[in-house]
Amino acid sequence: MKTLKSFGLLAGALALILGTFSACDEKEPEVIVEDGFYITGEATGATALSVDYRMATGNNEADDNKARAGLYEKYVALEANKDFTLLLKEGTVETKYSAVLSEVVLDGENEQPSLTLLKGTLVSGTAATPMKVTKSGLYHVVLDLNTESDLANPVILVVPVEWGVRGVNGDWGWKKLKASAFNRTTMTFDTTFAEIPSSGIFKFSYGGGWKIQLDDAGSVKVNTNLGLDLVQGAGDIPMPKGTDIHLKLIWTLAGGELSKSYKMEMTGNIIIEDPTTFVVGFSGNAFGTNTNPPAEWGDPSGATLAVYDAASSTVTNQENKAGKYVYNITNLKMEAEKEFKVRMNGAWIGVGGATIVGETFTGTDNFIVGAAATYTNVKFEVTWSGTAATEIKVTFTK
């Protein structure tokens with residue numbers, strides 16, 4: 001026992017000695033700053049390079065939202081009348097970029113927002129003097145190095161951001177959200193809707209537009225909206241049915257993809273809808289020779305009302321009713337050169353909103369029937385997210 005005790009004391013002493021040496025050799029963790037473009041300066045509050053201020057690779061909305069070489073974007077809070085510049089880090093080489101900024105007024109033309117932005121031609125090195133904004137707030141900073149040589153000059157945009165929504169309750173105008181006080185690291189934008197009578201879709205948009213052109217020709221454009229998963233230019237965001245729906249968009253300073261800087265909160269009396277009870281079918285003037293057609297452009301009824309097919313449907317989430325739902329119409333006649341829309345739970349769905357299989361229709365809004373035909377079956381397949389239809393496929397069988 002004495003030997004064991006002595007060994008324990010010796011082990012403790014050795015651990016203390018080793019710990020002392022380790023403490024003496026311990027260093028502060030190294031801060032690794034990746035290569036790329038950064039926004040720096042007193043206006044940002046940053047005293048040193050930080051990944052939080054690193055810009056993301058930009059997408060060209062005019063090129064199917066593909067990543068564009070030399071295009072960079074970032075949402076950042078800038079304090080008024082204080083300096084900021086852009087800095088390109090390439091290994092140990094750091095190059096400053098800036099521009100002499102001039103006001104440009106956008107009036108909503110070509111789906112652009114209605115606002116006044118700052119724009120200038122990029123310069124680098126010793127010519128890069130600090131830039132300033134005159135109002136503290138959140139800004140969308142965009143730069144294009146003209147790597148593709150398709151712009152007149154390398155360019156920078158500094159755009160004031162006031163977020164709003166488009167599409168709620170079918171209103172694709174623009175409803176401005178209430179902004180919190182200026183803060184360099186986080187700000188919120190919110191509103192409350194007294195009633196959402198039926199589930200739908202929407203997007204976040206600033207300034208009431210969808211995109212901003214970097215050139216007069218419109219060959220390079222950046223998104224001014226956030227869609228699904230808060231990705232710029234992505235698909236629509238589901239909006240549930242309910243009352244007193246409080247919607248909040250939260251911006252937080254973060255590096256990487258633009259979506260990493262945003263999150264959304266939605267609270268209130270959300271109503272879970274049951275797709276088995278949805279009215280699904282067609283409305284239009286193309287169904288006049290059916291035995292029991294509905295009134296032209298009335299809600300689906302009689303020959304144009306689809307019947308829910310439980311055996312072919314799959315509910316993947318019993319709580320929110322998410323899943324794939326199938327509905328059928330049998331023996332449907334359609335007349336030539338007449339028009340119709342697909343209907344689902346009150347929604348009017350035209351060309352581009354539903355995938356048509358087994359038949360070809362023309363049109364840019366309403367579907368236009370070419371030749372008259374009778375279909376033994378028309379199958380509607382609706383993928384329901386729990387708050388909205390994310391896909392609608394209609395298969396025509398003669």
Side-chain angles (χ1 to χ4, degrees), residues 165-172 193 195-204 225-231 233-247 259 263-284 294 299-301 304-330 332 340-359 361 367 375 377-397:
V165 291
R166 304 181 71 175
V168 177
N169 287 337
D171 180 7
W172 288 97
F193 295 94
E195 182 181 14
I196 307 294
S198 62
S199 59
I201 53 177
F202 77 101
K203 277 190 176 182
F204 292 103
N225 67 87
L226 301 175
L228 195 63
D229 298 324
L230 303 181
V231 173
D236 298 321
I237 303 169
M239 170 63 81
K241 178 179 180 179
T243 58
D244 295 326
I245 303 297
H246 184 232
L247 179 65
S259 59
K263 71 175 182 178
M264 179 186 75
E265 294 179 358
M266 194 182 299
T267 57
N269 303 316
I270 295 174
I271 299 171
I272 302 301
E273 295 187 272
D274 183 358
T276 67
T277 67
F278 287 172
V279 173
V280 176
F282 297 118
S283 293
D299 289 337
S301 64
T304 64
L305 177 64
V307 176
Y308 174 61
D309 184 349
S312 301
S313 301
T314 305
V315 182
T316 55
N317 187 318
Q318 292 295 338
E319 184 175 347
N320 66 5
K321 307 297 183 183
K324 179 173 284 188
Y325 293 82
V326 178
Y327 314 79
N328 293 290
I329 295 175
T330 57
L332 179 70
F340 70 93
K341 269 190 167 71
V342 175
R343 301 293 306 282
M344 199 283 298
N345 195 33
W348 294 78
I349 302 156
V351 175
T355 300
I356 303 297
V357 178
E359 186 57 278
F361 301 107
F367 292 99
Y375 303 95
N377 191 74
V378 181
K379 180 168 69 172
F380 299 77
E381 295 173 273
V382 177
T383 301
W384 183 253
S385 70
T387 55
T390 57
E391 182 182 13
I392 299 173
K393 182 168 74 171
V394 185
T395 301
F396 290 79
T397 304

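For the atom pair CG (Asn225) and CG (Leu230), the distance works out to 11.0 Å, reported to the nearest 0.5 Å. The CZ atom of Phe204 lies 4.0 Å from the CG atom of Leu247; values are rounded to the nearest 0.5 Å.
Taking all atoms of both residues into account, the shortest heavy-atom contact from Ile349 to Phe367 is O-CE1, 3.7 Å. The minimum heavy-atom distance between Ala389 and Met344, with the atom names listed, is CB-CE, 3.5 Å. Summarising the geometry of Pro294 relative to Thr304, their closest heavy-atom pair is CG-OG1, 3.3 Å, with the distance given to 0.1 Å. Across all their heavy atoms, Val280 and Pro300 have their closest contact at O-CB, 4.2 Å. Among all heavy-atom pairs drawn from Ser283 and Trp348, the shortest one is CB-CZ3, 3.7 Å. Of all non-hydrogen atoms in Ala388 and Pro238, the two that sit nearest each other are CB-CB, 3.6 Å.
Within the 4.5 Å cutoff, side-chain heavy atoms of Asn345 are placed close to those of Ser199. A 4.5 Å side-chain heavy-atom check between Ile196 and Phe202 finds every atom pair outside the cut-off. Between Asp274 and Ile272 there is no side-chain heavy-atom pair separated by less than 4.5 Å. Proximity of Tyr375 to Glu359: side-chain heavy atoms (C-beta onward) are separated by under 4.5 Å at one or more points. Proximity of Asn328 to Val307: side-chain heavy atoms (C-beta onward) are nowhere separated by under 4.5 Å. Within the 4.5 Å cutoff, no side-chain heavy atoms of Asn320 are placed close to those of Trp384.
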Exercise. Start with the C-alpha distance between Val342 and Phe282, add both sets of side-chain angles, then the distance that settles side-chain contact (heavy atoms from CB on, under 4.5 Å), and finish with yes or no.
Key: CA-CA 5 Å; Val342 175; Phe282 297 118; 3.9 Å; yes

Self-check item: Check against ring pair (Phe, Tyr, Trp, His ring centres under 6.0 Å), Phe278 and Tyr325
Solution: CA-CA 10 Å; Phe278 287 172; Tyr325 293 82; 7.5 Å; no

Quiz item: Checking side-chain contact (heavy atoms from CB on, under 4.5 Å) for the pair Phe380/Ile329: CA distance, chi angles, key distance, verdict?
Solution: CA-CA 8 Å; Phe380 299 77; Ile329 295 175; 3.7 Å; yes

Donor-acceptor list for residues 263-271 side chains, cut-off 3.5 Å, not counting sequence neighbours:
| from | atom 1 | to | atom 2 | distance (Å) |
| --- | --- | --- | --- | --- |
| Asn269 | ND2 | Thr243 | OG1 | 3.2 |

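Residues passing the side chain to side chain donor-acceptor pair (under 3.5 Å) test with Asp299 are Arg343, sequence neighbours excluded. Partners of Asp229 under the salt bridge (charged side-chain N to carboxylate O under 4.0 Å, His left out) rule, at least two apart in sequence or in another chain, do not exist in this structure. Contacts of Ser385 classified as side chain to side chain donor-acceptor pair (under 3.5 Å), with partners at least two apart in sequence or in another chain: Thr387.
Note on residues 378-388: pairs passing salt bridge (Lys or Arg N to Asp or Glu O under 4.0 Å), not counting sequence neighbours, are Glu381-Lys393. Residues in residues 309-326 take part in no salt bridge (Lys or Arg N to Asp or Glu O under 4.0 Å) pair, two or more places apart or across chains.
Ser313 places a side-chain N or O within 3.5 Å of a backbone atom of Val326 that can act as its donor or acceptor partner. Side chain of Asn377 to backbone of Thr330: no donor-acceptor contact under 3.5 angstrom is found.
For Phe340 and Phe361, the ring centers sit closer than 6.0 Å to each other.
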